[in-house]
Amino acid sequence: MNILLFGPPGAGKGTQSSLLVSKRDFVQISTGDILRGAISRKTELGSLAQAFMSRGQLVPDDLVISLVKQALEQIKGDFILDGFPRTVAQAEALEVLLKGIEKEIERAIFISVPVGALVKRLSGRRVCKLCGSVFHIENKQPKLNGVCDSCGGELVQRDDDKESVIDERMRAYSKHTAPLIEYYKKLGKYFEVNGDKDEAAVFANIEEILNFT
Ligand code: AMP
C-alpha cells in the first residue's frame, strides 16, 4: 500500500515516516530531504530552492513535481510521500504521475497538532548534520549535549526552524497545504491522527489506519 503523510510543519511527518521505513519496510520519499540534499551538494536546484526555503516559503510546484517524478520512476515496493504534495496543484500533478506508472495512493494521513505545540517543537528541534536524526532541546535530549546518539554527528538547528522563519512556514501551510484536507476527503482517502502525543502513540494510530480495511 502506498500512502502519504501531510500536516503542518513540525507535526512529525519525518519521524513517523522513519518509523514506517524501519518497522514496515516502506520506502520514504521526502521532498524536504531531497531539497536539503541538493543544497548541501551545492547543485543548481539546491541554490534555487534555498532562496525559498530559507524564507520559509514553498519551493515552486514545477521544481518539486519534477523531483518527485524522478523519485517515483525509481521506486520499488510500497512508498510513503513525506511532505509532498503541499499544494492542490502538486496533488493534481501527483495523480497524473501515478496513473502513468500504474500506482496509487491509498491513504492520505493528516497529522494534526495544535499551533502552540508546533512552534515549541520547531524552535527546540535539533538535527544531526550527518544522518538527519532528530532531537529536541527539552523533549528528546541526546545523551551528550550537541552530539547525535546514532552516529556522533554534530546537532544543529535548521535555518528554517529559527523563530523568524517559523511564522512564514505556518502561513504557507494555512494558505497552500491545509486545503489538501478537503481535497483528500473528497477522494475518500483522508485519514487523521492526533499528532499531539508521543511518537509511539502516534505510530500506533498510523498502524491502525494501515490495517484498516
Ligand atoms: P520539510 O522538511 O518537509 O519541513 O520541508 C522543508 C522546506 O522544504 C519547506 O518549508 C519548503 O520550503 C520546502 N519543501 C519541502 N517539500 C515541499 C513541497 N512539496 N513543495 C514545496 N516546497 C517544499
Side-chain angles (χ1 to χ4, degrees), residues 2-21 28-41 43 45-72 79-98 105 108-113 115 117-129 131-136 155-181 183-184 195:
N2 304 313
I3 63 170
L4 65 85
L5 297 184
F6 73 114
K13 301 181 289 288
T15 302
Q16 295 302 324
S17 296
S18 303
L19 289 170
L20 286 163
V21 169
Q28 175 187 12
I29 301 175
S30 156
T31 41
D33 286 350
I34 297 173
L35 292 166
R36 278 185 291 277
I39 292 172
S40 67
R41 289 193 310 278
T43 64
L45 164 76
S47 69
L48 259 170
Q50 190 170 25
F52 295 94
M53 290 168 77
S54 61
R55 292 199 293 263
Q57 295 167 353
L58 295 185
V59 173
D61 286 337
D62 52 348
L63 266 184
V64 188
I65 291 165
S66 76
L67 288 177
V68 171
K69 180 171 189 285
Q70 285 169 28
L72 284 173
F79 61 85
I80 316 164
L81 288 172
D82 158 13
F84 180 92
R86 257 176 160 99
T87 66
V88 170
Q90 291 179 15
E92 288 168 350
L94 176 64
E95 296 292 318
V96 176
L97 288 179
L98 290 174
I105 294 289
I109 303 175
F110 177 69
I111 308 182
S112 147
V113 178
V115 174
L118 291 170
V119 174
K120 229 175 144 195
R121 281 188 189 187
L122 290 169
S123 56
R125 176 160 72 177
R126 298 293 180 269
V127 294
C128 174
K129 250 177 140 172
C131 73
S133 292
V134 180
F135 296 84
H136 191 278
L155 300 184
V156 293
Q157 185 174 40
R158 271 171 47 174
D159 281 343
D160 60 349
D161 280 347
K162 304 210 162 117
E163 292 202 25
S164 53
V165 186
I166 291 176
D167 274 358
E168 185 58 33
R169 289 171 71 195
M170 292 299 176
R171 267 196 292 277
Y173 163 75
S174 305
K175 185 166 176 201
H176 301 290
T177 310
L180 291 176
I181 295 176
Y183 181 91
Y184 284 109

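The chain is numbered in sequence order, starting from 1. Order of appearance sets the numbers: ligands from 1, and atoms from 1 within every ligand.
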Check: [X] N/O within less than 3.5 Å of ligand 1 N/O:
| X | value |
| --- | --- |
| Gln57 | yes |
| Asp33 | no |
| Gly83 | yes |
| Lys13 | no |
| Phe84 | no |

Ligand-residue contact atoms, ligand 1 with [X], heavy atoms, under 4.0 Å:
| X | answer |
| --- | --- |
| Arg158 | 1 (P), 2 (O), 4 (O), 6 (C) |
| Val64 | 18 (C), 19 (N), 20 (N), 21 (C) |
| Gly32 | 2 (O), 5 (O), 15 (C), 16 (N) |

Between [X] and ligand 1, find which residue part has any heavy-atom pair under 4.0 Å and reply side chain, backbone, both or neither.
| X | value |
| --- | --- |
| Thr87 | neither |
| His176 | neither |
| Leu58 | both |
| Asp61 | neither |

Handout entry: Under 3.5 Å: donor-acceptor pair, side chain of Arg121, backbone of Ala11
Key =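 Here the side-chain-to-backbone pair exists.
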Would you compute the distance between atom [atom1] of [X] and atom [atom2] of [Y] and round it to the nearest 0.5 angstrom?
| X | Y | atom1 | atom2 | answer |
| --- | --- | --- | --- | --- |
| Arg171 | Ile166 | CZ | CD1 | 12.0 Å |
| Asp82 | Leu20 | CG | CG | 10.0 Å |
| Ile181 | Ser112 | CD1 | OG | 8.0 Å |
| Leu48 | Met53 | CG | CE | 12.0 Å |
| Phe110 | Leu5 | CZ | CG | 11.5 Å |

Which residue and heavy atom of the protein sit nearest [atom], plus the separation:
| atom | result |
| --- | --- |
| atom 16 (N) of ligand 1 | Thr31 OG1, 2.8 Å |
| atom 20 (N) of ligand 1 | Gln90 NE2, 2.9 Å |
| atom 8 (O) of ligand 1 | Met53 CE, 3.3 Å |
| atom 14 (N) of ligand 1 | Leu35 CD1, 3.6 Å |

Handout entry: Identity of the nearest option to atom 21 (C) of ligand 1, non-hydrogen atoms only, from Val59, Ile65, Leu122
Key =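 Among Val59, Ile65, Leu122, the closest heavy atom to atom 21 (C) of ligand 1 comes from Val59.
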Problem - Shortest reach to atom 15 (C) of ligand 1 by a heavy atom, considering only Arg86, Arg55, Arg36 - result: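 Shortest heavy-atom distance from atom 15 (C) of ligand 1: Arg86.
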Testing the basics here: between [X] and [Y], what is the closest heavy-atom pair and its distance to 0.1 Å?
| X | Y | answer |
| --- | --- | --- |
| Gln90 | Val59 | NE2-O, 4.5 Å |
| Leu35 | Ala49 | CD2-CB, 3.8 Å |
| Thr87 | Leu180 | O-CD2, 3.6 Å |
| His136 | Arg125 | CD2-N, 3.8 Å |

Exercise for the section: Check the pair Asp161 / Arg169 against salt bridge (Lys or Arg N to Asp or Glu O under 4.0 Å), numbers first and verdict last. Expected result: CA-CA 9 Å; Asp161 280 347; Arg169 289 171 71 195; 2.8 Å; yes
